[in-house]
Amino acid sequence: QVQLVESGGGLVQAGSSLRLSCAASARMFSSHAMGWFRQAPGKDREFVAGITWSTRITSYADSVKGRFTISRDNAKNTVYLQMNNLKPEDTAVYYCATDVAGWRTTPSDSKAEYDYWGQGTHVTVSS
């Protein structure tokens, strides 16, 4: 059974915007922090943004601050990533992930601390 499903990726030109969605099952979403990571060809998977469960404390990688916004709709079990002013270096497969740990007051930026992952959605930004 699929637990996390990303959508919203595509091929866009630099300067454009995309909104990614991650639909999760309740057991993979409720009471858990959520994160977005991305992986470009030949690169390691890197942290993009994270958000806590109820306080909605957010964190962002320096490379996306001011351009990307993470949010969540707990009633819909969905987390979003609004991406503005996209750059070619944003090209990657974007993954949403669940951090089962319930004690963090701010989102973790370490992929090792996330327990469940979606299959990813492709984002390609052309110049």
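Quantities reported herein were computed from a predicted structural model and do not represent experimental measurements.
- Looking only at side-chain heavy atoms (C-beta outward), S30 and N77 come within less than 4.5 Å of each other.
- Taken from OH in Y80 to OG in S7, the straight-line distance is 9.0 Å, to the nearest 0.5 Å.
- Residues passing the ring-ring contact (aromatic ring centres under 6.0 Å, His included) test with Y114, sequence neighbours excluded: F37.
- Counting non-hydrogen atoms of other residues, nucleotides and ligands closer than 6.0 Å to CD of E89 gives a total above 12.
- Side-chain atoms of D115 and T98 include no donor-acceptor pair closer than 3.5 Å.
- With rounding to the nearest 0.5 Å, the separation of CE in M83 from OG1 in T69 is 11.0 Å.
- Closest non-hydrogen pair, T78 versus A23, comes out as OG1-CA, 4.2 Å.
- One distance of note links OH of Y95 with CG of L4; it measures 13.0 Å at 0.5 Å rounding.
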Cut-off 3.5 Å, no hydrogens considered: what does the side-chain donor-acceptor table look like for residues 47-61, sequence neighbours left out?
{"unit_1": "T52", "atom_1": "OG1", "unit_2": "T55", "atom_2": "OG1", "d": "2.7"}
{"unit_1": "T52", "atom_1": "OG1", "unit_2": "R56", "atom_2": "N", "d": "3.2"}
{"unit_1": "T52", "atom_1": "OG1", "unit_2": "I57", "atom_2": "N", "d": "2.8"}
{"unit_1": "Y60", "atom_1": "OH", "unit_2": "I70", "atom_2": "N", "d": "2.9"}

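- With contacts defined as side-chain heavy-atom distances shorter than 4.5 Å, the pair H32/D99 does not qualify.
- Here the CZ-OG distance, from F68 to S17, works out to 9.5 Å after rounding to the nearest 0.5 Å.
- Between A101 and R104, the closest heavy-atom pair is CB-NH2, 3.8 Å.
- If you chain together hydrophobic residues whose side chains sit under 4.5 Å apart, V93 and L20 never meet in one group.
- Closest non-hydrogen pair, F29 versus V79, comes out as CE1-N, 4.1 Å.
- Not one N or O on the side chain of E46 forms a donor-acceptor pair closer than 3.5 Å with the backbone of R38.
- Annotation: the span from D90 atom CG to S16 atom OG amounts to 11.5 Å, rounded to 0.5 Å.
- Shown here for A33 and R72, the closest heavy-atom pair between the two residues is CA-NH1, 3.9 Å.
- Cluster membership for L11 and L18, using ILVMFWY side-chain heavy atoms within less than 4.5 angstrom, is not shared.
- The two atoms that bring S25 and Q3 nearest to each other are OG-OE1, 2.6 Å, heavy atoms only.
- In this structure a side-chain-to-backbone donor-acceptor pair under 3.5 Å is present from T121 to G9.
- Contact check for Y94 versus E6: no side-chain heavy atoms found under the 4.5 Å cut-off.
- Q119 places no side-chain N or O within donor-acceptor distance of the main-chain N or O of V5, the cut-off being under 3.5 Å.
- Side-chain contact check for W36 versus C22: some heavy-atom pair is nearer than 4.5 Å.
- Contact check on D62 versus K65 returns a salt bridge, with a Lys/Arg side-chain nitrogen under 4.0 Å from an Asp/Glu carboxylate oxygen.
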